[in-house]
Amino acid sequence: MDPRLLTDMTLCTMAGDRPYGLVPDGAVVIEDGLIAYAGPRAGLPERWSAVPARSLQGRLVTPALIDCHTHLVFGGDRAREFEMRLTGHSYEEIARAGGGIAATVAATRALHEDALVAAARPRLDALRREGVATVEIKSGYGLSVSSELTMLRAARRLGREAGIRVRTSYLAAHSVPPEYRGRADAYLSQVVLPGMEHGAAEGLIDAVDAFCEGIAFSVAEVERVFDAAQALGLPIKLHAEQLSNLNGAAMAARRGALSADHLEHLDADGVAAMARSGTVAVLLPGAYYALRETKAPPVAALRDAGVPMALATDCNPGTSPMSSLLLAMNMGATLFRLTPEEALAGVTRHAARALGLADTIGTLEPGKRAELAVFSVSHPAELAYRIGFNPHHETILGHRP
Ligand code: DI6
Ligand code: FE
């Protein structure tokens with residue numbers, strides 16, 4: 001395929017030493033679906049200088065965005081529970097009373113694959129309209145072998161139909177379903193582990209996740225799930241330290257997890273363990289906001305320790321009914337005090353790493369996939385600064401993701 005040359009842009013490579021990898025008068029060459037050049041227009045190598053250029057009219061170009069933590073395949077909604085929480089009932093209280101995740105499980109089990117795809121499509125499209133080209137989607141609202149697999153198949157199909165790269169995480173260890181109440185071990189043996197084997201054999205699972213929490217699974221239970229995942233050669237990640245500190249992140253880090261996510265209650269030992277292993281901290285300000293949490297994750301300690309921080313929507317019907325990654329960036333800056341540059345790195349470079357895709361996407365560098373988001377703004381800080389405004393102009397893909 002002939003190379004394509006893009007010019008007249010503020011280029012934000014998210015690579016190199018300069019803030020944002022910013023190049024004021026940039027040019028990008030795309031060849032065979034990959035980035036062949038991304039740098040100053042003045043430095044464009046001779047061999048591409050005769051390629052007809054397409055002007056981006058001074059817009060900002062970033063790596064296409066990556067939402068590295070979502071639960072966007074589900075049935076129903078939880079607006080009633082939202083009302084209850086506003087009249088004083090806590091998330092954990094509602095979960096113990098059979099609401100919460102269990103309510104979404106019932107609504108999800110009632111849907112076939114087609115209906116799950118149809119329900120999720122508007123949420124995926126909302127992300128895509130912001131320049132998102134890669135989305136992680138978790139199972140975890142089926143909680144039976146067959147409905148977990150249906151969720152994963154729906155996620156794969158959404159990616160194919162929407163032309164988006166979908167990475168799936170198997171999250172059967174999200175909650176103990178009502179029929180196994182008080183029998184978590186049996187649930188793990190009879191559903192979580194066999195479902196994982198089926199899903200892996202069908203190529204449906206890119207990573208294995210679990211919810212490590214008082215209302216979900218203990219560290220020892222999660223370790224059983226991770227033993228099985230690692231025996232199958234699957235990468236692991238963990239919902240950890242969201243509502244309390246069980247030291248789940250440190251356990252996940254010791255096992256080389258790609259990411260530990262939420263982390264509001266992470267302590268200094270957890271930070272140190274993550275720094276040692278290079279595990280990405282995925283911060284989810286939508287859940288913090290929707291639950292009216294007051295304890296923010298230890299961002300300053302994570303930063304000082306050099307732990308890469310990603311940001312994601314956590315799009316789910318209970319704790320983060322949010323389908324805007326730009327809003328997650330704004331919340332990351334305002335609520336968690338990430339710098340706008342950290343916020344953008346959190347939805348590009350570090351999000352790629354949280355998905356094990358650091359070699360392929362997340363920055364604009366030669367050899368990476370050509371996946372570019374074009375925004376009608378003049379400076380990258382505007383992406384995190386605005387609230388409820390979408391400046392996305394187009395997404396340029398060198399190939400189908
Ligand atoms: N933590 C969360 O915030 C979501 N899952 C999880 O492990 C909540 C999911 C829900 O309430 O439906
Ligand atoms: Fe989540």
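We count ligands from 1, going down the list as the structure has it; atoms in each ligand are counted the same way. The figures that follow rest on heavy atoms only: side chains count, while hydrogens, waters and symmetry mates do not. Just so it is clear, the structure is predicted and the values come from calculations on it, not from any experiment.
- Within the structure, the ring pair (Phe, Tyr, Trp, His ring centres under 6.0 Å) test picks out the following pairs touching residues 203-229 (sequence neighbours left out): H174-F211, F211-H239.
- Computed with the Fe ion (ligand 2) at the centre, the H239 NE2 to H69 NE2 angle is 90°, stated to 10 degrees.
- The closest heavy-atom contact to atom 5 (N) of ligand 1, among the options H239, H174, E213, comes from H174.
- Side-chain contact check for K368 and T363: at least one donor-acceptor pair (N or O, by modelled atom type) lies under 3.5 Å.
- Using a 4.0 Å cut-off to heavy atoms of Y91, the atoms of ligand 1 that qualify are 8 (C), 9 (C), 10 (C), 11 (O).
- Taking the ring centre of F74 as origin, the terminal cationic atom of R123 falls inside the region bounded by 6.0 Å and 45° from the ring axis.
- Residue side and main chain included, D261 places no N/O/S atom under 2.8 Å of the Fe ion (ligand 2).
- Taking both residues in full, the closest heavy atoms of G142 and S147 are given as O-OG, 3.3 Å, listed atom of the first, atom of the second, then distance.
- The protein atom (non-hydrogen) at minimum distance from atom 3 (O) of ligand 1 is T319 OG1, 2.6 Å.
- Of the polar atoms of Y141, at least one N or O is found under 3.5 Å from an N or O of ligand 1, judged by distance alone.
- Of the protein's heavy atoms, Q242 OE1, 2.9 Å lies nearest to atom 1 (N) of ligand 1.
- In summary, no N, O or S atom of H262 is located under 2.8 Å from the Fe ion (ligand 2).
- At least one heavy atom of N316 sits less than 4.0 Å from an atom of ligand 1.
- In this structure, a donor-acceptor pair under 3.5 Å is absent between the side chains of E136 and T168.
- Qualifying side chain to side chain donor-acceptor pair (under 3.5 Å) partners for R157, counting only residues two or more places apart in sequence or in other chains: E113, D114, E161.
- Comment: D8 does not engage R54 in a salt bridge, judged by the lack of any side-chain N to carboxylate O separation of less than 4.0 angstrom.
- Side-chain polar atoms of Y37 and E31 form no donor-acceptor pair below 3.5 angstrom.
- Residue-level check: among N/O/S atoms of D314, OD1 sits closest to the Fe ion (ligand 2).
- In summary, the atoms of ligand 1 found under 4.0 Å from a heavy atom of H262, numbered by their order in the structure, are 1 (N), 2 (C), 3 (O).
- If you look at D314 next to ligand 1, the close heavy atoms, those under 4.0 Å, all belong to the side chain.
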